[in-house]
2 protein chains.
Amino acid sequence: MERDFFDEAKTFKAFCDEKRLRILALLLDGEKCVCALNEEMDLPQSTLSYHMKILCESGVVEGRQEGKWTHYSISVQGIGGAAETLKRYVPKGVIQLGDEGCCASL
Amino acid sequence: MERDFFDEAKTFKAFCDEKRLRILALLLDGEKCVCALNEEMDLPQSTLSYHMKILCESGVVEGRQEGKWTHYSISVQGIGGAAETLKRYVPKGVIQLGDEGCCASL
DNA sequence: TTGTCAAATCAAATTGTCTTGATTTGAGGA
DNA sequence: TCCTCAAATCAAGACAATTTGATTTGACAA
C-alpha cells in the first residue's frame, strides 16, 4: 500500500501556520461566524478567507452556510484523522499505550 | 496561559511537506544514516540535509553522530508531543476515548 | 429589480520555502 | 600534517505560500 504523502501533507498544512493555529484556538470555544473571527484576528477579510479555505481543505474545519453568514467550526473527525495519521509515524514495536485498541478512535 | 503558536507550528512543519513525510516513512524501519536516506530518496545531498534539519528542529527526528556518519531516527517522544498538541485542538466537552487518562502519554 | 451586506475570489506584489552546486567543517586514516 | 570522505552550511535562484485592495458572488430586504 502506497501512502498518499501529498494528502497527508495537506492535512498538516492546517497546523503548520501560526495564524491558522490561532484561528483553531478561537474555534475551540465553538462555532463562529467569519465576522466574529475577523474581529478577534485583526486581519483583512480576504486574508482570513484565504486561511479558512486552507483549514477547510485540510479537513480540520467545517463551514456551515446560514443565509449571508458562514459559520466555521472544528471538525473533531478531522482532528481525529490527523492524529490517526500522526500515529502511523511511530515505529512498530515501540511499546505504547493505546495499541490494544482503547484509543483506536483517536 | 498563552499558547506558543509559533512553536506549535514549528512542530508540524515536519509533517506538512511531502518529501519530509517520505523521509519519516523511511525512518519507520529504524535508524538510518544520511547516505542510506540519500540513496532511497534520490535527492542531492544538500537538499536532504536541509530537510533533515527541519525534521530535527521540529523535534520529531533525532540525529546521532558516529564518527563521520550521522544516523537519524524518529523520536517517539517527538511524535507523541505532536499528538498531544493536536489533541488540544479538540473542543472541550466532546465525548472522546482517552480523556480519562488511559492515553495520557500519547 | 435594486441596494446592501457577508464572504469568496481575483490579481499583483511581497515574503518565505525549497533546491542545488560550491564551499566548509570535522572525523578518521595514511 | 595532509588527504579523504560524510555531512553541514552557504548563497543564489527557482518556486510556492501569503498578503491585500479591488472585484465578484450570492442571500436577503426594500
Side-chain angles (χ1 to χ4, degrees), chain A residues 4-27 30-75, chain B residues 4-27 30-75:
Chain A
D4 188 346
F5 294 113
F6 180 81
D7 246 47
E8 290 190 8
K10 198 171 175 181
T11 300
F12 291 106
K13 290 265 155 77
F15 302 98
C16 70
D17 180 90
E18 225 181 319
K19 279 171 190 163
R20 290 196 283 272
L21 288 180
R22 194 156 294 168
I23 293 168
L24 285 172
L26 289 172
L27 291 177
E31 188 184 74
K32 287 194 176 173
C33 99
V34 177
C35 48
L37 289 171
N38 227 320
E39 280 181 17
E40 303 191 81
M41 287 296 296
D42 192 32
L43 285 177
Q45 183 262 322
S46 55
T47 304
L48 181 60
S49 204
Y50 167 77
H51 286 297
M52 295 321 293
K53 192 175 184 184
I54 290 174
L55 285 167
C56 286
E57 282 174 350
S58 76
V60 302
V61 165
E62 293 173 317
R64 184 177 62 86
Q65 213 71 28
E66 188 180 303
K68 291 193 276 183
W69 290 271
T70 312
H71 300 264
Y72 287 106
S73 58
I74 291 178
S75 162
Chain B
D4 188 346
F5 294 113
F6 180 80
D7 246 48
E8 291 190 8
K10 198 170 175 181
T11 301
F12 291 106
K13 289 265 156 76
F15 302 98
C16 70
D17 180 89
E18 228 181 316
K19 278 171 191 162
R20 289 195 284 273
L21 288 180
R22 194 156 294 167
I23 293 168
L24 286 172
L26 288 172
L27 292 177
E31 188 183 73
K32 286 193 177 172
C33 98
V34 177
C35 48
L37 289 171
N38 228 322
E39 280 181 18
E40 302 192 83
M41 288 296 295
D42 192 34
L43 285 176
Q45 183 263 322
S46 54
T47 303
L48 182 61
S49 203
Y50 167 78
H51 287 296
M52 295 319 293
K53 192 175 185 185
I54 290 175
L55 284 167
C56 286
E57 282 175 349
S58 77
V60 302
V61 165
E62 292 173 317
R64 184 178 63 85
Q65 213 72 26
E66 188 181 303
K68 291 194 275 183
W69 289 272
T70 312
H71 300 264
Y72 287 106
S73 58
I74 291 179
S75 162

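Throughout, a chain's letter reflects where its sequence line sits, starting with A, and its residues are numbered from 1.
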* Structure fact -> Closest non-hydrogen atoms of B/V34 and B/Y72, given as atom of the first, atom of the second and distance, are CG2-CE1, 3.3 Å
* Asked: Tell me, do A/M52 and A/L37 make a side-chain contact under 4.5 Å, heavy atoms counted?
  -> yes
* Taking DNA chain C as the partner, which of residues 38-55 of chain B come within under 4.0 angstrom of it by heavy atom? -> B/P44, B/S46, B/T47, B/Y50, B/H51, B/I54
* Any idea which heavy atoms bring B/L21 and A/A9 closest together, and the distance? -> CD1-N, 3.5 Å
* Would B/I74 and B/V60 satisfy side-chain contact (heavy atoms from CB on, under 4.5 Å), going step by step from the backbone distance to the final call? -> CA-CA 6 Å; B/I74 291 179; B/V60 302; 5.8 Å; no
* To do: With side-chain contact (heavy atoms from CB on, under 4.5 Å) as the test, would you mind laying out the steps for B/H51 and B/M41 before giving the verdict?
  => CA-CA 11 Å; B/H51 287 296; B/M41 288 296 295; over 6 Å; no
* Asked: Taking the side chain from A/R20 and the backbone from A/K13, do they hold a donor-acceptor pair closer than 3.5 Å?
  -> yes
* Provide the start and end nucleotides, 5' to 3', of the part of DNA chain C that has atoms under 4.0 Å from heavy atoms of chain B. => C/dT17 to C/dG28
* Please test A/F15 against A/S58 for side-chain contact (heavy atoms from CB on, under 4.5 Å), starting from the C-alpha separation and ending with a verdict. => CA-CA 9 Å; A/F15 302 98; A/S58 76; 5.8 Å; no
* To do: Look at the rings of A/F12 and B/F12 and say which category their plane angle falls in: under 30° parallel, 30 to 60° tilted, over 60° perpendicular.
  => parallel
* **Whole angstrom value for the distance that separates C1' of D/dT19 from CD of A/E18** => 15 Å
* Report the distance from atom CH2 of A/W69 to atom P of D/dA27, rounded to the nearest whole Å. => 13 Å
* To do: Take A/D17 and A/G67, find for each the nucleotide of DNA chain D with the closest heavy atom, and name the residue whose nucleotide sits nearer the 5' end.
  => A/D17
